[in-house]
2 protein chains.
Amino acid sequence: MPDIGDLDRAILRAWQTDARRSLRDLAAEVGVSATTVHDRARALRRRGVVRGTSLDLDLAQLGRGVQALIAVRIRPPSRSSIEGFRDWVSDLPETVGVFVTSGRSDFIVHVAVADNDALYAFVIDRLTARAEIADVETSVIYEHRRVPPRLDP
Amino acid sequence: MPDIGDLDRAILRAWQTDARRSLRDLAAEVGVSATTVHDRARALRRRGVVRGTSLDLDLAQLGRGVQALIAVRIRPPSRSSIEGFRDWVSDLPETVGVFVTSGRSDFIVHVAVADNDALYAFVIDRLTARAEIADVETSVIYEHRRVPPRLDP
DNA sequence: CGTGAAAATTTGCGGAT
DNA sequence: ATCCGCAAATTTTCACG
């Protein structure tokens with residue numbers, strides 16, 4: 001588990017602000033050549049440090065103005081139940097994220113739906129159709145901020 | 001609030017799989033010219049449908065192998081308390097996401113730290129230093145999946 | 001890690017439907 | 001209002017030192 005290099009960190013820090021920034025731009029910011037950034041970026045991808053690049057979308061403008069976190073408790077909390085539910089819920093069209101957690105609940109499911117009616121329907125029609133669900137608790141999201149992870153040198 | 005067009009949806013659907021895909025590539029997949037994709041992509045950015053592009057990082061490889069969701073209850077839950085805490089917690093180096101929610105808690109804070117000791121220190125040293133915190137409940141994240149929002153035609 | 005050159009992409013402009 | 005072709009500017013990519 002060798003620590004990641006300082007140059008890689010600097011590249012990621014600059015790259016993180018905009019996944020589409022040009023290598024040339026990144027190179028100028030971190031003070032190396034574009035080729036070096038190219039090589040490092042490729043290596044970071046290959047090693048899986050950079051898993052991919054994604055779009056930050058305004059879901060409200062895409063017809064899904066209501067988001068919620070739904071805490072779910074599964075019974076029994078066995079591997080097969082956990083993995084089965086995880087895979088099933090990941091593929092629902094409403095789901096935008098799934099956390100498998102310790103504590104009061106086994107899952108926190110992050111969903112985005114059209115409106116409150118759709119949220120209610122999701123919880124009482126789709127979720128509770130699964131026999132392994134022991135308990136559900138819904139929290140509406142008023143605001144959600146993603147914070148770019150701070151990468152200190 | 002006019003609904004977004006079918007072409008825009010198709011572009012976003014293709015673009016979403018990799019924010020760095022070339023316009024040419026996207027154009028080939030959706031069946032229009034690269035210029036059109038360019039124009040649409042720019043318009044989507046300008047309108048804020050696409051807020052930005054981000055890197056999907058493996059935080060474990062960056063020395064932050066433990067993630068958690070921390071439910072926080074604030075007293076009083078007034079606008080100034082809520083916004084004050086939100087802004088403060090957003091800027092902590094451990095924070096990678098902040099949800100402002102209804103329900104049992106006012107916030108769900110998503111953090112990534114080096115190890116369990118760092119998590120414990122974060123909760124009992126940093127968080128509870130804020131006078132407005134009434135209650136905290138920590139859930140360790142065993143697994144976290146981000147799901148690209150499904151954009152149906 | 002860098003240089004240099006070739007290949008590919010992005011981007012602005014004008015024009016067609 | 002939408003979409004495309006074209007060509008210049010820029011960026012990515014690779015062989016080599």
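The sequence lines fix the lettering, A, B, ..., with proteins before strands; numbering per chain opens at 1. Since we're looking at a predicted model, the values are computed, not measured.
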Colleague: Which pairs would a plain distance check flag for residues 108-120 of chain A, meaning a side-chain donor or acceptor within less than 3.5 Å of a matching protein atom at least two apart in sequence or in another chain?
Modeller:
residue : atom : partner : partner atom : Å
A:H110  : NE2  : A:Q67   : NE2          : 2.6
A:D115  : OD1  : A:D117  : N            : 3.3
A:D115  : OD1  : A:A118  : N            : 2.9

Colleague: For C:dC1, does either OP1 or OP2 sit under 4.0 Å from a side-chain N or O belonging to A:T36?
Modeller: no
Colleague: Determine whether the side chains of A:T53 and B:D18 contain a donor N or O and an acceptor N or O closer than 3.5 Å.
Modeller: yes
Colleague: Would B:R21 count as a cation-pi partner of B:W15, with NZ or CZ less than 6.0 Å from the six-membered ring centre and within 45° of the ring normal?
Modeller: no
Colleague: Does the B:R20 side chain pair with the main chain of A:A19, one donor and one acceptor, at a distance under 3.5 Å?
Modeller: yes
Colleague: For residues A:S139 and B:G103, report the shortest heavy-atom separation together with the two atoms involved.
Modeller: OG-CA, 4.3 Å
Colleague: Do B:V100 and B:V96 sit in one hydrophobic cluster, given that two such residues count as connected whenever their side-chain heavy atoms are within less than 4.5 Å of each other, even indirectly?
Modeller: no
Colleague: Do nucleotides 11-17 of chain D as a string where each nucleotide becomes B, S or -: B if the base has a protein heavy atom under 4.0 Å, S if just the sugar-phosphate does, - if no protein is that close.
Modeller: SSSB---
Colleague: How far, in whole Å, is D:dC16 from C:dC1 if one measures between their C1' atoms?
Modeller: 13 Å
Colleague: Quick one: does A:E143's side chain have a donor or acceptor within less than 3.5 Å of a partner on B:R86's backbone?
Modeller: no
Colleague: Return one dot-bracket line describing DNA chain D 5' to 3' (Watson-Crick or G-U wobble pairs, both distances under 3.5 Å; ( ) same strand, [ ] crossing, | another strand, . none).
Modeller: ||||||||||||||||.
Colleague: Quick check: B:F99 with B:F107 (ring centres under 6.0 Å apart)?
Modeller: no
Colleague: Distance check needed: D:dT10 P versus A:L26 CG, whole Å only.
Modeller: 17 Å
